Amino acid sequence: QVQLVESGGGLVQAGDSLRLSCVVSGGTVSSYVMAWFRQAPGKEREFVAAMRRSGNILSPIESVKDRFTISRDNAKNMVNLQMNSLKPEDTATYYCSAGLTDRELQRVTAYKYWGQGTQVTVSS
């Protein structure tokens with residue numbers, strides 16, 4: 001059974017940086033398409049960034065482009081999300097996900113496994 005455990009969230013000020021991590025157990029991180037989603041209160045879960053099994057990165061959503069970077073550490077079996085220049089509108093619960101399909105990677109339905117989420121709060 002594949003399990004994903006996120007960490008690294010917290011309360012920061014606008015302009016700060018955070019690095020989220022997602023450790024994969026029960027599987028090999030490079031065997032999956034890995035993605036980060038986020039969900040703010042009262043809103044739908046939103047795609048943030050993804051990395052294909054090949055290591056190719058799907059372009060992040062426009063609102064985080066040039067600020068957020070997804071990366072993978074095969075040795076540690078984990079995927080990370082480096083978040084720079086954080087804004088209050090980045091406040092959300094961030095979820096790590098893993099899937100086996102290479103289609104429609106911005107959709108929640110593309111992913112089979114999900115972590116429990118880590119809260120990121122950005123104050124102005």
Side-chain angles (χ1 to χ4, degrees):
Q1 179 73 12
V2 174
Q3 292 188 323
L4 309 177
V5 179
E6 303 101 332
S7 62
L11 171 63
V12 297
Q13 293 186 335
D16 286 350
S17 297
L18 278 175
R19 185 177 180 86
L20 306 184
S21 296
C22 171
V23 176
V24 179
S25 61
T28 303
V29 67
S30 58
S31 297
Y32 298 93
V33 176
M34 300 298 299
W36 288 94
F37 284 75
R38 66 185 182 184
Q39 188 166 18
K43 295 188 176 181
E44 291 187 353
R45 195 165 294 190
E46 174 186 45
F47 171 83
V48 175
M51 178 177 285
R52 293 185 169 90
R53 283 170 284 192
S54 63
N56 288 338
I57 294 173
L58 188 72
S59 186
I61 54 173
E62 192 63 32
S63 60
V64 307
K65 204 172 183 179
D66 299 328
R67 299 189 297 121
F68 289 12
T69 304
I70 188 171
S71 63
R72 188 176 71 195
D73 187 332
N74 291 339
K76 295 182 179 179
N77 215 37
M78 65 192 303
V79 64
N80 302 303
L81 185 69
Q82 178 66 41
M83 306 187 296
N84 298 328
S85 301
L86 283 161
K87 302 176 180 180
E89 51 263 43
D90 295 320
T91 294
T93 300
Y94 283 71
Y95 296 91
C96 174
S97 59
L100 293 171
T101 180
D102 280 328
R103 299 176 61 183
E104 300 186 324
L105 296 182
Q106 294 189 351
R107 292 182 178 269
V108 168
T109 51
Y111 300 91
K112 183 175 182 179
Y113 304 106
W114 291 85
Q116 81 289 351
T118 185
Q119 178 67 37
V120 172
T121 303
V122 185
S123 63
S124 57

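Values in this document were obtained by computation on a predicted structure and should not be read as measured data.
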Under 4.5 Å side-chain linkage, directly or through intermediates, the cluster mates of L11: none

Taking salt bridge (charged side-chain N to carboxylate O under 4.0 Å, His left out) as the test, write out the residues that go with R67, two or more places apart. D90

Applying side-chain contact (heavy atoms from CB on, under 4.5 Å), run through R52 and I57 and close with a yes or a no. CA-CA 6 Å; R52 293 185 169 90; I57 294 173; over 6 Å; no

What one should report as the nearest heavy-atom pair of E6 and C96 is OE2-N, 2.8 Å

In Å and rounded to the nearest 0.5 Å, what is the OG to OH distance from S97 to Y113? 12.5 Å

In terms of side-chain heavy atoms, does T91 have a donor or acceptor partner in E89 at a distance below 3.5 Å? no

Of all pairs that satisfy ring-ring contact (aromatic ring centres under 6.0 Å, His included), the ones with a partner from residues 38-72, not counting sequence neighbours: F37-F47

Short question: side chain of Q116, backbone of V5 - any donor-acceptor pair under 3.5 Å? no

Do the side chains of L105 and Y111 get nearer than 4.5 Å, heavy atoms only? yes

Report yes if the side chains of I70 and P60 come closer than 4.5 Å at any heavy-atom pair, otherwise no. no

Verify, without hydrogens or angle tests, whether D73 (side chain) and M78 (backbone) share a donor-acceptor contact under 3.5 angstrom. no

Determine, stepwise, if the pair M51 / V79 fulfils side-chain contact (heavy atoms from CB on, under 4.5 Å). CA-CA 9 Å; M51 178 177 285; V79 64; 5.5 Å; no

Return the NZ to OG distance between K87 and S85, rounded to the nearest 0.5 Å. 8.0 Å

Tell me every residue that passes side chain to side chain donor-acceptor pair (under 3.5 Å) with Y94, counting only those two or more places apart in sequence or in another chain. R38

Tell me, do R72 and N74 make a side-chain contact under 4.5 Å, heavy atoms counted? yes

Just so I know, are the side chains of L100 and R53 near enough to count as touching, which here means a heavy-atom distance under 4.5 Å? yes

Contacts table for residues 12-23: side-chain donor-acceptor under 3.5 angstrom, sequence neighbours left out:
from: D16; atom 1: OD2; to: Q13; atom 2: N; distance (Å): 3.1
from: S17; atom 1: OG; to: N84; atom 2: OD1; distance (Å): 3.0
from: R19; atom 1: NH1; to: Q82; atom 2: OE1; distance (Å): 3.2
from: S21; atom 1: OG; to: N80; atom 2: OD1; distance (Å): 2.9

Taking S25's backbone N and O only, do any of them form a donor-acceptor pair with Q3's side chain (distance below 3.5 Å, no angle check)? no

Got a second to check how far E46's CD is from Y95's OH, nearest 0.5 Å? 13.0 Å

Pair up each side-chain donor or acceptor in residues 27-36 with any protein partner under 3.5 Å, not counting sequence neighbours, and list the distances.
none

Under the side-chain contact (heavy atoms from CB on, under 4.5 Å) rule, what do T118 and T93 come out as? Steps first, then yes or no, please. CA-CA 5 Å; T118 185; T93 300; over 6 Å; no

